[in-house]
Amino acid sequence: MKGYKFVSVEFTEDPNVAGRTYWYLCEFASADIGSRVVAPIGRHNNKQVGTVRRVLFAEGAFAPYPVEEIKRVESVIEEKI
């Protein structure tokens, strides 16, 4: 299937967004549920460490967030914890 890999990330160490998840486009094959990743968050795109909670493969029309606006995971720092 052609499409994109999306991951839902939770930033548990940030009390301002605790309990929420955010969708990101992810180009890293090693990112899976439980992986720790670095991703930008908020309007200032501050980079934070978060945990992948869901993985979704979908074409752009079925993306969880508009592909042209979605932010990207910057790196995987720890695979499946």
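Just so it is clear, the model here is predicted, and its values are computed rather than measured.
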Next item on the list: Just jot down the side chain to side chain donor-acceptor pair (under 3.5 Å) partners of Glu27, sequence neighbours excluded, or say none.
Entry: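 Side chain to side chain donor-acceptor pair (under 3.5 Å) list for Glu27, sorted by chain: Arg72.
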Note to self: Run the salt bridge (Lys or Arg N to Asp or Glu O under 4.0 Å) test on Glu13 and Arg36 for me, step by step, so that the C-alpha distance in whole Å, both residues' side-chain angles and the decisive distance to 0.1 Å come before the verdict.
What the structure shows: CA-CA 12 Å; Glu13 297 174 14; Arg36 306 272 290 161; 3.1 Å; yes
Note to self: Has Tyr24 got a side-chain atom pairing as donor or acceptor with Glu74's backbone, closer than 3.5 angstrom?
What the structure shows: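 Not at all, since once roles are kept as given, no pair shorter than 3.5 Å links the two residues.
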Notebook entry, point to check: Under 3.5 Å, is there a donor-acceptor pair between the side chain of Lys71 and the main chain of Gly42?
Noted result: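 Side chain of Lys71 to backbone of Gly42, a donor-acceptor pair under 3.5 Å: yes, one is there.
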Is the closest side-chain heavy-atom distance between [X] and [Y] below 4.5 Å?
X	Y	answer
Tyr4	Ile70	no
Phe11	Thr21	no
Val37	Ile77	no

Margin query: By the definition side-chain contact (heavy atoms from CB on, under 4.5 Å), identify the one residue from Val52, Val55, Val76, Val7 that meets it with Asp32.
Written below: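 The single option meeting the side-chain contact (heavy atoms from CB on, under 4.5 Å) with Asp32 is Val55.
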Checklist line | Salt-bridge present (Glu59, Lys5; N to O < 4.0 Å) | finding: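 Result for this pair is no, no salt bridge flagged.
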Starting at [atom1] of [X], measure out to [atom2] of [Y] and round the result to the nearest 0.5 Å.
X	Y	atom1	atom2	value
Ile33	Thr51	CD1	OG1	12.0 Å
Phe28	Ser35	CZ	OG	11.5 Å
Arg20	Thr12	CZ	OG1	14.5 Å

Notebook entry, point to check: For the hydrophobic clusters of this structure (ILVMFWY residues joined by side-chain heavy atoms under 4.5 Å, transitively), does one cluster hold both Tyr65 and Leu25?
Noted result: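 Looking at the clustering, Leu25 is in the same group as Tyr65.
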Item checked: Connected via hydrophobic side-chain network under 4.5 Å: Phe57 and Val73 ->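 They do share one cluster, since a chain of ILVMFWY contacts under 4.5 Å joins Phe57 to Val73.
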Notebook entry, point to check: Looking only at heavy atoms, what is the nearest atom pair of Ala63 and Phe6, with distance?
Noted result: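 That would be CB-CZ, 3.4 Å.
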Margin query: Quick check: closest heavy atoms across Pro64 and Trp23, and the distance to 0.1 Å?
Written below: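 Nearest pair, atom of Pro64 first, then Trp23: CG-CD2, 3.5 Å.
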